[in-house]
Amino acid sequence: MFDNRVTINGAIYYEDWTGIQQLVTETCGATFTSKCRHRHVYGGELEASVALTSELTVTTAAGYTHANIVAAVQARVCRWPARAGCAVTGPRPTSIVYRHPISDDYAVVLRGTNE
């Protein structure tokens, strides 16, 4: 869009994920790796990238991820009940990228990202 200065990408997804291992830190301080067995993940995301100048680009994304543990394993440390239905989400970063070519093959690239 706008002479290739604006790019918009989107995705909708569903995953049926099995054999998951997840690091768990309990309130009593114990840390262990738990097998959650089975998880359903679905959601969507939308990303926009705008070239403000030929060297400066701003990118941001918004999305929704819903990840439910469908079948969990009961932990034996501090009686942690890994239960079905725990939701998991992830960050959606915004970044500013400065790219200045120094030759036909090389460029200086500076990136600032919040997460």
Side-chain angles (χ1 to χ4, degrees):
M1 295 170 43
F2 302 106
D3 199 28
N4 290 325
R5 295 178 63 110
V6 177
T7 303
I8 298 175
N9 297 307
I12 298 173
Y13 52 87
Y14 174 81
E15 299 175 38
D16 190 11
W17 193 9
T18 59
I20 305 162
Q21 292 184 345
Q22 186 168 357
L23 185 62
V24 176
T25 302
E26 299 192 54
T27 56
C28 67
T31 301
F32 63 95
T33 301
S34 173
K35 289 193 180 242
C36 295
R37 289 192 187 162
H38 195 173
R39 177 178 286 170
H40 291 161
V41 181
Y42 62 87
E45 59 188 22
L46 188 63
E47 175 191 68
S49 180
V50 179
L52 300 176
T53 69
S54 62
E55 297 178 338
L56 188 62
T57 303
V58 175
T59 302
T60 190
Y64 173 76
T65 301
H66 186 80
N68 268 353
I69 297 170
V70 179
V73 174
Q74 182 71 27
R76 294 187 177 98
V77 181
C78 300
R79 299 185 188 123
W80 179 76
R83 62 188 183 279
C86 298
V88 179
T89 60
R92 300 290 184 246
T94 297
S95 65
I96 297 175
V97 179
Y98 175 78
R99 184 179 189 280
H100 182 75
I102 55 175
S103 73
D104 289 341
D105 296 327
Y106 297 99
V108 173
V109 178
L110 303 172
R111 175 185 298 268
T113 302
N114 76 321
E115 291 193 30

Subject >> Within 6.0 Å of CD1 in Ile12, more than 12 heavy atoms from elsewhere >> reply: no
Subject >> Point-to-point distance, once rounded to the nearest 0.5 Å, from CG of Leu46 to CD1 of Ile8 >> reply: 6.5 Å
**OP:** Taking all heavy atoms of His40 and all of Asp16, pick out the closest pair and write down the distance.
**Re:**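 It is CD2-OD1, 3.2 Å.
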Subject >> The single option from Thr60, Val58, Asn114 passing side chain to side chain contact (heavy atoms under 4.5 Å, CB included) against Ile96 >> reply: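 Passing option: Val58.
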Subject >> Test side chain to side chain contact (heavy atoms under 4.5 Å, CB included) applied to Arg99 and Val109, Leu56, Leu110, Thr57, the passing residue >> reply: Val109
Original post:
For Ser49 and Thr59, does a side-chain donor sit closer than 3.5 Å to a side-chain acceptor?
Top reply: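 Checked: Ser49/Thr59 side chains pair up, N/O donor to acceptor below 3.5 Å.
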Subject >> Short side-chain donor-acceptor distance under 3.5 Å, Tyr64 and His66 >> reply: yes
Original post:
Which class fits the ring pair Tyr42 and Tyr14: parallel under 30°, tilted 30 to 60°, perpendicular over 60°?
Top reply: parallel
Subject >> Short side-chain to backbone donor-acceptor contact, Arg111 and Val97, under 3.5 Å >> reply: no
Original post:
Between Thr94 and Thr113, is a side chain to side chain contact (heavy atoms under 4.5 Å, CB included) present by the stated rule, with each step listed?
Top reply: CA-CA 6 Å; Thr94 297; Thr113 302; over 6 Å; no
